[in-house]
Amino acid sequence: MRKKIVGSSWKMHVNTKAQVDALALEIVEGVKNIENVDMFLIPTFPLIDHLANILRNSNVAWGAQNMAFVDYGAYTGEVPASTLADLQCTYIELGHAERRAHFNETDYAVNKKVNLCMDAGLTPLVCIGETKAEKEDGVGRIRIKTQIIWTLEGIEIEEVPKVIFAYEPVWAIGQPEGANPEYVNDMHRYIRDVIASEYGNDIAQKTRIIYGGSVKLESAHEYIRQENIDGLFTGRFALEAKNYIAIVDLVEKYVNEKEGL
Ligand code: PGA
């Protein structure tokens, strides 16, 4: 069975060391007995080291919200894979809808970053998803297929399951409610089918696909019961420690019940 993941990107909401302390210390304490869920928190670049010092001896990993598309050189303001590896990041979030929209991040750039991540031993967490207009025009699946194929270009077949996909329909981010759980499950099945058609079913079955977009506690309960949803990527809701802990708890409980643990 694919191990479930519950992670949170703090985007640009947690912006000082004191704010990191307030959130992370409570989370570490609240999830210390969790065994069967992978967890991660992703702050802004300058706060990674501070967060790492809090998480280092815990069961919670950390990561970055972006990464440079080149290894080193004259690229003012960018942060390369080697720095993030040195900071002992595990997950590198790539291609989030906000980066695609505000910073012109392309599928090509995402692919370069994915390859550099893999070379550096980091785990790419690649956000894919259709916009509202693409959905309405009936080209949502084509868009997603294109994103998947671009993401994995140049990756060795056996390495593909190291990539984690976050399905984040753009129209469901920052909304009062997330996408319908059955709709998400169908999309995750489609994503897996695309991976299977490119790399074979065995690889597709090993690849984790998590959902993000206005996840809350009640909806988390529904999402996690869907066969193809391997975890949750939480935004605003998890900016309160007790909310993140509650989602992790419910996923752990679900896994333990399902696996008879
Ligand atoms: P949200 O963010 O939960 O605040 O919608 C989710 C995301 O962008 O990953």
Side-chain angles (χ1 to χ4, degrees), residues 4-15 19 23 27 37-45 47-48 51 60-67 89-105 110 113-114 123-132 134-135 140 143-144 147-148 151 163-181 183-185 187-188 191 208-224 226 228-251:
K4 297 270 191 273
I5 316 172
V6 177
S8 185
S9 165
W10 290 342
K11 301 192 182 184
M12 211 170 69
H13 294 302
V14 180
N15 300 334
Q19 287 172 350
L23 201 44
I27 287 175
V37 180
D38 283 340
M39 296 171 283
F40 65 81
L41 300 172
I42 306 188
T44 59
F45 283 134
L47 293 170
I48 291 174
L51 178 63
V60 183
W62 58 94
Q65 299 177 13
N66 182 30
M67 196 187 90
C89 287
T90 301
Y91 301 95
I92 311 298
E93 183 183 2
L94 299 172
H96 187 275
E98 287 147 20
R99 294 214 51 85
R100 293 179 191 263
H102 303 310
F103 304 97
N104 299 322
E105 188 142 303
V110 170
K113 296 177 186 194
V114 169
T123 299
L125 171 66
V126 182
C127 303
I128 58 172
E130 77 282 13
T131 63
K132 186 164 181 276
E134 287 161 348
K135 182 170 189 271
R143 178 72 193 110
I144 287 165
Q147 288 175 330
I148 297 165
T151 295
V163 177
I164 299 170
F165 284 96
Y167 173 56
E168 301 215 338
V170 182
W171 47 269
I173 297 170
Q175 301 300 313
E177 301 295 331
N180 173 289
Y183 177 90
V184 175
N185 192 45
M187 282 308 225
H188 283 214
I191 293 165
R208 294 189 288 181
I209 308 165
I210 68 176
Y211 169 73
S214 306
V215 172
K216 294 195 248 178
L217 191 58
E218 308 76 55
S219 58
H221 191 78
E222 301 300 321
Y223 291 129
I224 213 64
Q226 305 291 327
N228 284 294
I229 301 183
D230 302 319
L232 297 165
F233 198 9
T234 56
R236 287 157 300 157
F237 186 73
L239 293 172
E240 276 190 51
K242 68 173 176 17
N243 290 345
Y244 180 78
I245 296 164
I247 291 184
V248 169
D249 268 343
L250 88 79
V251 174

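Atoms within a ligand are numbered from 1 in the order they appear, just like the ligands themselves.
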Colleague: Any salt bridge linking E240 with K242? Criterion: basic side-chain nitrogen under 4.0 Å from a carboxylate oxygen.
Modeller: yes

Colleague: Do ligand 1 and G235 have nitrogen or oxygen atoms that lie under 3.5 Å from each other?
Modeller: yes

Colleague: May I ask you to identify the nearest protein heavy atom to atom 5 (O) of ligand 1, giving residue, atom name and distance to one decimal place in Å?
Modeller: G174 N, 2.7 Å

Colleague: Taking all non-hydrogen atoms of both residues into account, name the closest pair between H188 and Y211 and its distance.
Modeller: CE1-N, 3.8 Å

Colleague: If every non-hydrogen atom of N243 is compared with every non-hydrogen atom of F237, which pair is closest and at what distance?
Modeller: ND2-O, 2.9 Å

Colleague: Could you give me the CA-CA distance, side-chain angles and deciding distance for F233 and F165, then say whether ring-ring contact (aromatic ring centres under 6.0 Å, His included) is met?
Modeller: CA-CA 10 Å; F233 198 9; F165 284 96; over 10 Å; no

Colleague: Identify, by atom number and element, the atoms of ligand 1 in contact range of E168, meaning under 4.0 Å from any of its heavy atoms.
Modeller: 7 (C), 8 (O), 9 (O)

Colleague: Does at least one non-hydrogen atom of S214 fall below 4.0 angstrom from an atom of ligand 1?
Modeller: yes

Colleague: Return the closest protein heavy atom for atom 4 (O) of ligand 1 as residue, atom name and distance.
Modeller: R236 NE, 2.6 Å

Colleague: Using a cut-off of 6.0 Å, state whether more than 12 heavy atoms not belonging to Q175 lie near its atom CD.
Modeller: yes

Colleague: To which protein heavy atom is atom 2 (O) of ligand 1 closest, and what is the distance rounded to 0.1 Å?
Modeller: K11 NZ, 3.3 Å

Colleague: Hey, is ligand 1 close enough to G213 that some N/O pair sits below 3.5 Å?
Modeller: no

Colleague: For the pair R99 and E93, find out whether any cationic side-chain nitrogen is under 4.0 Å from an anionic carboxylate oxygen.
Modeller: no

Colleague: Give the numbers and elements of all ligand 1 atoms closer than 4.0 Å to a heavy atom of H96.
Modeller: 7 (C), 8 (O), 9 (O)

Colleague: Which class fits the ring pair Y183 and W171: parallel under 30°, tilted 30 to 60°, perpendicular over 60°?
Modeller: perpendicular

Colleague: Go through ligand 1 atom by atom and flag the ones less than 4.0 Å from a non-hydrogen atom of I173.
Modeller: 5 (O), 8 (O)

